[in-house]
Protein chains: 2
Amino acid sequence: MISPYAEPSLMKTPLYRQIQASLKEKITSGVYEEGGLLPSENELCIEFNATRMTVRQALNELVREGYITRQHGKGSTVSASRKSLGLLSLKGWTEVVVASDRHGKTLVLEGPVLRKLEDTAFKPLIDNENHEEFIFFKRLRLVEDSPVMYEHTYIPNENLPNFIKEPLLEGSLFRTLLIKYQIDVQSMTQEVRAVAADKETANLLKIKQKSPVLHLLRKYKTSIDGFFLYSSIYCNTEKFAISSFN
Amino acid sequence: MISPYAEPSLMKTPLYRQIQASLKEKITSGVYEEGGLLPSENELCIEFNATRMTVRQALNELVREGYITRQHGKGSTVSASRKSLGLLSLKGWTEVVVASDRHGKTLVLEGPVLRKLEDTAFKPLIDNENHEEFIFFKRLRLVEDSPVMYEHTYIPNENLPNFIKEPLLEGSLFRTLLIKYQIDVQSMTQEVRAVAADKETANLLKIKQKSPVLHLLRKYKTSIDGFFLYSSIYCNTEKFAISSFN
DNA sequence: ATTATTCTGTTGTCTATACAAGTTGTATAA
DNA sequence: TTATACAACTTGTATAGACAACAGAATAAT
């Protein structure tokens, strides 16, 4: 496996996933504008040459991801991008910030480098697999030039040839995994705590030491069985809240 | 409307909701034990006299609510009750604590009483409706006799005759709404922050003032259109984390 | 003018069927 | 004993169609 990109995806993606991706693309790019109605299910059936059940499956996924809401007898409405920096479900940083119309930046403070997972906090999230090596990131994320999140990311060093050598596509990890490696991040579990900021975190987030920060321990499930991503995230929630739904 | 309970539900609940409820009941009561397999889709089809699509809709809902996981080619597995006091999605306090096999108690510190909503923090969650009066609770929730959550609940004073006069069924708000009033809590949105505990909260949660606590602002959607519940929750996450998934 | 009623288009629920694809155990062959 | 192949089971994807329930606009009745 020398090719810079992974093998072109021969595994055919299901039709409903294609529809889902297509609609998502049109929503985030503004073709379907916020607050507006999507085409009706029957129209989508014609557009994608699919049955209503298939179209509905795509739409239900978009509801689950928070892109649309639906109303009986009316239609599917494009959700307003969450006002309080919705760090919801699957959405990676880049996507969220773009969608919420704020100016976001990501600084890579360290990495990507190979290292072992020493953070014991992850133990309860990791089930059986004992991965040897991880690709490690330290990133600081800013909104309108004020630091909001400090994140440590661990990715098992498998399935990702040349990952370390090349920059992220558009600065987005999720997007890079999807485009270059056909790895789709599908869901997430997390543990949430409120903790006092330690010295490093406080400095980076420009807050006082010991002030309350949100601590998220995340495990992302991907389209590759047994391949997970792990993140430990400290959030300054003075200006922005983390919003979620279910 | 003098009858103590709401009219017997004449609105027929969809078949998939019935299946969903039946399976949920069997899971929480232990008929299907944790880590075990549910009957296959085809078996459930026979049991409930439904087609696979209908059964699958029920199963998908249970996945969304975190009761089961599914694996292609294998079956539906009953999820282990989340180790870290999973305060996930829709589950009310009672249900979570029972499921997680911990000894939980709820103290009603104040209420239910009628009052207006003065907490300005809810403003961003409330869209259009200006409810006049709310049924208000102050509750403290304990796990193994140590206080973990301090919660303010606001329920619009509509659709709930005699609510204040009678105790909650099995101490559970959600269960009371479902059984007595046929109101099903279906989903939730929330904003999450880390804040410093004020004096009252610190005292109740038995922690030091200004120590970090999790603050959750929740809006619950119900089966009645336009009828929402609101909660402001402070959590001590020293011992327990809030876990969620999506 | 206002209020009902009807109509049309939408999403919600459900049936019946088919084939694809993953998992597991069993039988067979090396 | 160890592979290999197969069979039987599971869930995943998809088609085609039907009727119910809801929203909103157009129409008819008052």
Side-chain angles (χ1 to χ4, degrees), chain A residues 9-23 32 35-64 67-79 128 184 186-187 221-227, chain B residues 9-23 32 35-64 67-79 128 184 186-187 221-227:
Chain A
S9 174
L10 291 179
M11 55 173 189
K12 60 164 185 259
T13 53
L15 179 53
Y16 81 91
R17 291 274 180 211
Q18 297 176 38
I19 298 174
Q20 178 187 356
S22 169
L23 292 175
Y32 299 136
L37 284 177
L38 251 53
S40 76
E41 294 178 355
N42 283 321
E43 289 171 315
L44 293 173
C45 288
I46 296 171
E47 177 179 345
F48 293 102
N49 192 33
T51 56
R52 254 189 86 208
M53 290 304 294
T54 305
V55 167
R56 284 177 63 79
Q57 198 167 352
L59 292 173
N60 285 334
E61 288 294 309
L62 291 177
V63 169
R64 194 178 63 80
Y67 286 94
I68 63 173
T69 59
R70 320 188 65 200
Q71 199 189 342
H72 194 169
K74 201 174 178 188
S76 301
T77 307
V78 177
S79 296
N128 35 7
D184 192 21
Q186 294 178 329
S187 66
K221 186 182 182 304
T222 69
S223 48
I224 295 185
D225 203 67
F227 185 71
Chain B
S9 174
L10 291 179
M11 55 172 189
K12 62 162 185 261
T13 53
L15 180 53
Y16 81 91
R17 291 273 179 211
Q18 297 176 38
I19 299 174
Q20 177 188 355
S22 170
L23 293 175
Y32 299 136
L37 285 176
L38 250 52
S40 75
E41 294 178 355
N42 283 320
E43 289 172 314
L44 293 173
C45 287
I46 296 171
E47 177 178 346
F48 292 102
N49 192 32
T51 56
R52 255 189 83 207
M53 290 304 295
T54 305
V55 167
R56 283 177 63 79
Q57 198 168 353
L59 292 173
N60 285 334
E61 288 293 308
L62 291 177
V63 169
R64 193 178 64 79
Y67 287 93
I68 64 172
T69 60
R70 319 187 66 198
Q71 199 190 340
H72 192 171
K74 203 173 178 190
S76 301
T77 307
V78 178
S79 296
N128 36 8
D184 192 21
Q186 294 177 331
S187 68
K221 185 180 181 305
T222 70
S223 49
I224 294 184
D225 203 67
F227 185 70

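In the text below, chain A, chain B and the rest are named by the order of the sequence lines, each starting its count at 1.
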Minimum-distance pair of heavy atoms, taken over all atoms of A/Leu59 and A/Glu41: CD1-CG, 3.8 Å
Touch class at under 4.0 angstrom, heavy-atom based, for B/Thr51 against every strand present: base
Heavy-atom closest contact (B/Gln20 atom, B/Ala58 atom, distance): N-CB, 3.8 Å
Side chains of A/Glu43 and A/Leu38 in contact at under 4.5 Å (non-hydrogen atoms): no
Presence of A/Arg56 side-chain N/O under 4.0 Å of C/dG12 phosphate oxygens OP1/OP2: yes
Contact under 4.0 Å: B/Lys74 side-chain N or O vs C/dT24 OP1/OP2: yes
Those residues of residues 41-50 of chain B lying under 4.0 Å from DNA chain C by at least one heavy atom: B/Asn49, B/Ala50
Touch class at under 4.0 angstrom, heavy-atom based, for A/Leu15 against every strand present: sugar-phosphate
Steps toward side chain to side chain contact (heavy atoms under 4.5 Å, CB included) verdict (B/Ile19, B/Leu15): CA-CA 6 Å; B/Ile19 299 174; B/Leu15 180 53; 4.1 Å; yes
A/Tyr32 vs A/Leu23 side-chain heavy atoms within contact, under 4.5 Å: yes
Given DNA chain D, 5'-ward residue of the pair B/Gln71 and A/Gln18, judged by closest heavy atom: B/Gln71
Nearest-nucleotide 5' precedence on DNA chain D, A/Arg52 against A/Tyr16: A/Tyr16
Atom-pair distance (CG on A/Leu37; P on C/dT10), nearest Å: 10 Å
B/Leu37 vs B/Thr77 side-chain heavy atoms within contact, under 4.5 Å: yes
Whole angstrom value for the distance that separates C1' of C/dT13 from CG of A/Asn60: 12 Å
B/Met53 CE to C/dT15 P, straight-line distance once rounded to whole Å: 11 Å
Boundaries of the DNA chain D segment in contact with chain B, non-hydrogen, under 4.0 Å: D/dT10 to D/dA21
Please table the atom pairs, donor to acceptor, closer than 3.5 Å between any side-chain atom in residues 44-51 of chain A and protein atoms at least two apart or in another chain.
from    : atom 1 : to      : atom 2 : distance (Å)
A/Glu47 : OE2    : A/Lys26 : NZ     : 2.9
A/Thr51 : OG1    : A/Thr54 : OG1    : 3.2

